Amino acid sequence: MKKLGGFIGIVFCLLLLGGCGQREILFKEDLLHNNMDNYTYKFIGESKHFYFQTGKVYYEKSSQALLISNFKVRQNVSKKASFSVQLYFDNKLLYGAVDSRMKKDELESIVIAESGNVAKIDTQGNQIGESDAFLETKKETFKDSIKLIAKYCIDDSCEEEQFKIKYLK
């Protein structure tokens, strides 16, 4: 009987420890940066070694705004690792350099913020106003066009991970 109780105890502990490794990612308001009201989408994201807790995008007639912050590195990455983040819209780089590297605390303090007015075309076909990879998106295509990549490197060996984005609104 003691052996059965010990076996059940070990199995219970392993199940408990396994469940504690992956916690649910909760949305976190970023009150220090662009605090958008009436956002179009609110989202979070995660990959095997990273997650972010704040994602908001706002589309209103001719203006748009984006905020992604509160990045975290999970505990299962080496202390010797260096990191980078790149944000793409329709495979066009908006934020980050593909070959950049930073420390964990630098990655966790990243704030990706973009806003502007959508460019218009005048009668001669000239573009008037701003344009970049984000400003070229539309509310209807945002979810299909965004791609956020995190990379960690240990010495010269690097691994890339794409965030899986979960929309909350």
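Along the sequence shown, residues are numbered consecutively beginning with 1. Values below: all heavy atoms of this structure, side chains included; hydrogens, waters and symmetry mates excluded. All of these numbers come straight from a predicted model, not from anything done at the bench.
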Does the side chain of [Y] come within less than 4.5 Å of [X]'s, by heavy atoms?
X: Y88; Y: I146; value: no
X: R101; Y: C158; value: yes
X: I149; Y: V85; value: no
X: Q86; Y: L93; value: yes
X: Y41; Y: I165; value: no
X: I68; Y: T54; value: no
X: K151; Y: H49; value: no
X: F50; Y: F83; value: yes

[X] side, atom [atom1]; [Y] side, atom [atom2] - distance, nearest 0.5 Å:
X: K164; Y: I44; atom1: NZ; atom2: CD1; result: 13.0 Å
X: K56; Y: L66; atom1: NZ; atom2: CG; result: 12.0 Å
X: E160; Y: C153; atom1: CD; atom2: SG; result: 8.5 Å
X: E46; Y: E161; atom1: CD; atom2: CD; result: 10.5 Å
X: N117; Y: S131; atom1: CG; atom2: OG; result: 12.0 Å
X: S82; Y: M102; atom1: OG; atom2: CE; result: 9.5 Å

Partners meeting side-chain hydrogen bond (donor to acceptor under 3.5 Å, both in side chains) with S100 (sequence neighbours left out):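 S100 satisfies side-chain hydrogen bond (donor to acceptor under 3.5 Å, both in side chains) with no other residue.
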Between [X] and [Y], which heavy-atom pair has the shortest distance, and what is it?
X: R74; Y: I25; answer: NH2-CD1, 4.1 Å
X: L67; Y: A113; answer: CD1-CB, 4.4 Å
X: K80; Y: I154; answer: CE-CG2, 4.2 Å
X: N91; Y: K147; answer: OD1-NZ, 3.4 Å

F163 and F52 aromatic centres sub-6.0 Å: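 Distance test on ring centres: under 6.0 Å, yes.
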Near-ring test Y167/F43, centroid separation under 6.0 angstrom: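 Yes, they do, as the ring centres are separated by less than 6.0 Å.
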Residues K166, L168; criterion side-chain contact (heavy atoms from CB on, under 4.5 Å); working and verdict: CA-CA 6 Å; K166 179 180 177 184; L168 307 172; 4.2 Å; yes
Basic-acidic side-chain contact under 4.0 Å: E136, K92: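 Here E136 pairs with K92 in a salt bridge, since their nearest N and O are under 4.0 Å apart.
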Lys/Arg-Asp/Glu bridge criterion (N-O < 4.0 Å) met for E159, K48: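 Between K48 and E159 there is no salt bridge, as every charged N stays at least 4.0 Å from the carboxylate O atoms.
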Lys NZ or Arg CZ of K42 over F27 ring: under 6.0 Å, within 45°: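 Satisfied, under 6.0 Å and within 45°.
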Any residue meeting salt bridge (Lys or Arg N to Asp or Glu O under 4.0 Å) with K72, in chain and number order, not counting sequence neighbours: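 K72: no salt bridge (Lys or Arg N to Asp or Glu O under 4.0 Å) contacts found.
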Audit row: Y39, V57, side-chain contact (heavy atoms from CB on, under 4.5 Å) steps and yes/no: CA-CA 6 Å; Y39 45 83; V57 65; over 6 Å; no
Geometric class of the F89/F134 ring pair [parallel <30°, tilted 30-60°, perpendicular >60°]: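 It falls in the tilted class, 30° to 60°.
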side-chain contact (heavy atoms from CB on, under 4.5 Å) between Y58 and S63, worked out: CA-CA 8 Å; Y58 173 81; S63 64; 4.2 Å; yes
Candidate pair D132 and E114, rule side-chain contact (heavy atoms from CB on, under 4.5 Å), full reasoning: CA-CA 10 Å; D132 64 26; E114 176 70 11; 2.2 Å; yes
Donor-acceptor side-chain pairing of T137 and Y59 below 3.5 angstrom: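 Looking only at side-chain atoms, Y59 and T137 do form a donor-acceptor pair, the distance falling under 3.5 Å.
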Within 6.0 Å of CD in E140, more than 12 heavy atoms from elsewhere: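 Yes, enclosed.
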